[in-house]
A.B. asks: 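Have a look at the structure that comes next, please.
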Amino acid sequence: MKKVFALVDCNNFYVSCERLFRPALNGQPVVVLSNNDGCVISRSNEAKAMGIPMGEPYFKLRSFALRRNVHIFSSNYALYGDLSARVMDVLHRMEAELEVYSIDEAFLSLPGGDSWNRLDYGAELRERIRKEVGIPVSIGIGPTKTLAKIAARVAKKEVPAGSGSQGVFELACEGQTDAVLEQTDVQDIWGIGSRFTARLNRQGIYNGLALKKADADWVRKYLTVVGARVVFELNGISCLPLEKAPTSKKSIVTSRSFGQPVTAISDLREAVITFASRAAVKLREQQLEAGALHLFLATSRFGEPSNVYSNGQTMSLADPTSSTPALIATALHCLQGIYKSGYRYQKAGVLLTGLVPQGHRQQSLFFLETAENKPLMSALDQINSRWGADTIRYGVTGAGKSWEMRQSYKSPAYTTNWQELPVVKASFDK
DNA sequence: TCTGGGGTCCTAGGACCC
DNA sequence: TCTGGGGTCCTAGGACCC
């Protein structure tokens, strides 16, 4: 039996997470900001209706938001990650063929054919997630992942009468698919970003139906195999399989914009040490070791021309490692190499590459096990996991934190931190 | 004053080898 | 003065995603 794809997509996910603990915000305009309270990354329908664009910098929005009573949140990834896991858990229990695609999306593989009603099944999934977790989702169904994505967009907006229940939509036949594709701008299709959109528009291709019928050789040449796959998928030929097993990471990044510009190398050192420590923890969580470390720093992209500098340096590690002190030392060495005084730095980060599974490495001739601090790292991780992140950390990460990011509107970690559990009276707040 | 962070894949071009 | 061709591997940069 031929399979079809379903995409389960959480509606306005971060906003929905915040509303779960502040039900009075239902029906109100709400937005969630990126790290550093930089720009808008999630909007309630009411905020969308007000014309607040995705990605809008918060400083441009502030006075409008105040005037129009838009509720603002800093992002709270502990909360979103936990609720995401609960949604995925419901899906896991309902459906074996599952790919967790992102924090708020999952693909399912469902039996095709006319013998059963996928719309009813989708409605049941939706209801289960609403009841057990409280997050609203939309579900799109189609013969390929790309078409399932497009179906989910339709489900999220408005389902044409008679072709799906609330929040669930299926692209079942060619005529219906073409009608929807004609109404879909190319930039709204999965895999078509701003550059590809510009190239397509120059060719007179503006909607999904035109892209579906585009000349294959032209697409292959100017949009690479990536674009060619999109065209196949629009034609109902599946090129993107369901990836059930999560693949092992190929790189790990820890980077931040600073809450305020940083000039002193001493402050940069603190930041870099913090990033390297955090990256080391992520590495050990994944049971990986890094073969190389890349440090980068940059001034603001929007600042005055006299303050433009960005640079990075990569160093390979003699032996792959996940040891915090080894990674800190390497990062600091890179910093020494690229730091230039006189600039106001806005961002820095540590990128780990050449990742290999723990213990599967090739050891160099001069490898010293004692340099690894294995038992120490494992003790540190256990204590921090039991008592909270940063219970124990390297003293050199500093206490001043002049560079720390802004988070002026952060909600409590309701579900992952006992200290931030709402007290009983708060749960009766209106 | 204030514009995110963390990923993947693809391609072109250089280094290097025989 | 003339100065191959084909293959692989690596990396930087571009493009995309959420």
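Letters go in sequence order (proteins before strands), and every chain restarts at 1.
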A.B. asks: What integer distance in Å separates His294(A):NE2 from dG13(C):C1'?
C.D. replies: 12 Å
A.B. asks: Under 3.5 Å for both donor-acceptor distances, Watson-Crick or wobble: does dC17(C) have a partner, and if so which one?
C.D. replies: dG6(B)
A.B. asks: Among dG7(B), dA15(C), dC10(B), find the nucleotide with the atom closest to the side chain of Arg199(A).
C.D. replies: dA15(C)
A.B. asks: Does the pair Glu99(A)/Lys145(A) count as a salt bridge with the N-to-O cut at 4.0 Å?
C.D. replies: yes
A.B. asks: Out of dC16(C), dC10(B), dC2(B), which has the shortest distance to the side chain of Arg195(A)?
C.D. replies: dC16(C)
A.B. asks: Give a yes/no answer on whether the side chain of Ser255(A) brings an N or O atom under 4.0 Å of OP1 or OP2 in dG4(B).
C.D. replies: no
A.B. asks: Looking at Gln346(A), does any N or O in its side chain come under 4.0 Å of the phosphate oxygens OP1/OP2 on dT3(B)?
C.D. replies: yes
A.B. asks: Should the pair Trp218(A) and Tyr222(A) be assigned to parallel (<30°), tilted (30 to 60°) or perpendicular (>60°) ring geometry?
C.D. replies: tilted
A.B. asks: Have a look at Leu240(A) and say if it touches a base, only the backbone sugar-phosphate, or nothing, with a 4.0 Å heavy-atom cut-off.
C.D. replies: nothing
A.B. asks: Taking the P atom in each of dC2(B) and dC18(C), what is the distance between them to the nearest angstrom?
C.D. replies: 30 Å
A.B. asks: Would you say Lys347(A) reaches dG5(B)'s phosphate, i.e. side-chain N/O to OP1/OP2 under 4.0 Å?
C.D. replies: yes
A.B. asks: Can a side chain N or O of Arg256(A) be found less than 4.0 Å away from OP1 or OP2 on dG6(B)?
C.D. replies: yes
A.B. asks: Measure the CD1-OG1 distance between Ile205(A) and Thr197(A) for me, rounded to the nearest 0.5 Å.
C.D. replies: 11.0 Å
A.B. asks: Please determine, for the side chain of Ser102(A), which listed nucleotide (dC18(C), dA15(C), dG6(B)) has the closest atom?
C.D. replies: dC18(C)
A.B. asks: Does dG4(B) have OP1 or OP2 under 4.0 Å away from a side-chain N or O of Arg406(A)?
C.D. replies: no
A.B. asks: Considering all heavy atoms of both residues, which atom of Glu105(A) and which atom of Lys149(A) are nearest to each other, and what is their separation?
C.D. replies: OE1-NZ, 2.5 Å
A.B. asks: Using the P atom as the point on both nucleotides, what is the distance between dC17(C) and dT3(B), in whole Å?
C.D. replies: 24 Å
A.B. asks: Does a side-chain N or O of Ser34(A) approach OP1 or OP2 of dT3(B) to a distance below 4.0 Å, or not?
C.D. replies: no
A.B. asks: Does dC9(B) have OP1 or OP2 under 4.0 Å away from a side-chain N or O of Lys250(A)?
C.D. replies: yes
A.B. asks: To the nearest 0.5 Å, how far apart are CZ in Arg229(A) and CD1 in Ile237(A)?
C.D. replies: 14.0 Å
A.B. asks: What about Phe73(A) and Tyr409(A), are their ring centers closer than 6.0 Å?
C.D. replies: no
A.B. asks: What is the separation between atom CG on Asn36(A) and atom C1' on dG6(B), rounded to the nearest whole Å?
C.D. replies: 16 Å
A.B. asks: Could you tell me the separation between the CH2 atom of Trp190(A) and the P atom of dT8(B), rounded to a whole number of Å?
C.D. replies: 15 Å
A.B. asks: Nearest to the side chain of Thr254(A) - dG6(B), dC2(B), dG4(B)?
C.D. replies: dG6(B)
A.B. asks: Distance check: side-chain N/O of Arg62(A) vs OP1/OP2 of dT1(B), anything under 4.0 Å?
C.D. replies: no
A.B. asks: Among the nucleotides dG5(B), dC2(B), dT11(B), which one has an atom lying closest to any side-chain atom of Val225(A)?
C.D. replies: dT11(B)
A.B. asks: Can you tell me the distance, in whole Å, between the CG atom of Asn76(A) and the C1' atom of dG5(B)?
C.D. replies: 15 Å
A.B. asks: I want to check one thing: is the phosphate of dC16(C), taken as OP1 and OP2, less than 4.0 Å away from some side-chain N or O of Lys149(A)?
C.D. replies: no
A.B. asks: Look at all strands and tell whether Phe13(A) reaches a base, only sugar-phosphate, or nothing, counting heavy atoms closer than 4.0 Å.
C.D. replies: nothing
A.B. asks: Can you measure Met405(A) atom CE to dG6(B) atom C1' for me and round it to whole angstrom units?
C.D. replies: 13 Å
A.B. asks: Starting at atom CD1 of Ile252(A), determine the distance to atom P of dG5(B), rounded to an integer number of angstrom.
C.D. replies: 17 Å
A.B. asks: Output the single nucleotide from dC10(B), dT8(B), dC16(C) whose closest atom is nearest the side chain of Phe196(A).
C.D. replies: dC16(C)
A.B. asks: For Arg344(A) and dT1(B), is the shortest distance between a side-chain N/O and OP1 or OP2 below 4.0 Å?
C.D. replies: no
A.B. asks: If you assign each of Phe59(A) and Thr247(A) to its closest nucleotide in DNA chain B, which residue comes earlier from the 5' end?
C.D. replies: Phe59(A)
A.B. asks: Between C1' on dC9(B) and CD1 on Ile192(A), what's the gap in Å once rounded to a whole number?
C.D. replies: 15 Å
A.B. asks: Of the options dC18(C), dC16(C), dG4(B), whose atoms approach the side-chain atoms of Tyr101(A) most closely?
C.D. replies: dC18(C)
A.B. asks: Please classify the nucleic acid contact of Glu105(A) as base, sugar-phosphate, or nothing, using heavy-atom distances under 4.0 Å.
C.D. replies: sugar-phosphate
A.B. asks: Touch check for Tyr58(A), heavy atoms < 4.0 angstrom, all strands: base, sugar-phosphate only, or nothing?
C.D. replies: nothing
A.B. asks: Do the rings of Tyr345(A) and Tyr309(A) sit parallel, tilted or perpendicular, given the 30° and 60° boundaries?
C.D. replies: perpendicular
A.B. asks: Using a 4.0 Å heavy-atom cut-off across all strands, classify Arg220(A) as base, sugar-phosphate, or nothing.
C.D. replies: sugar-phosphate
A.B. asks: What is the distance from atom CG of Asn311(A) to atom CG of Leu335(A), rounded to the nearest 0.5 Å?
C.D. replies: 11.0 Å
A.B. asks: Check whether any side-chain N or O of Lys282(A) sits under 4.0 Å from OP1 or OP2 of dG6(B), and answer yes or no.
C.D. replies: yes
A.B. asks: In this structure, how many angstroms lie between the P atom of dC18(C) and the CZ atom of Arg153(A), rounded?
C.D. replies: 11 Å
A.B. asks: As a test of reading the structure: which of dG7(B), dT11(B), dG4(B) is closest to the side chain of Asn35(A), going by heavy atoms?
C.D. replies: dG4(B)
A.B. asks: Can you tell me if Ser75(A) touches the phosphate of dG5(B), counting only side-chain N or O atoms and a distance under 4.0 Å to OP1 or OP2?
C.D. replies: no
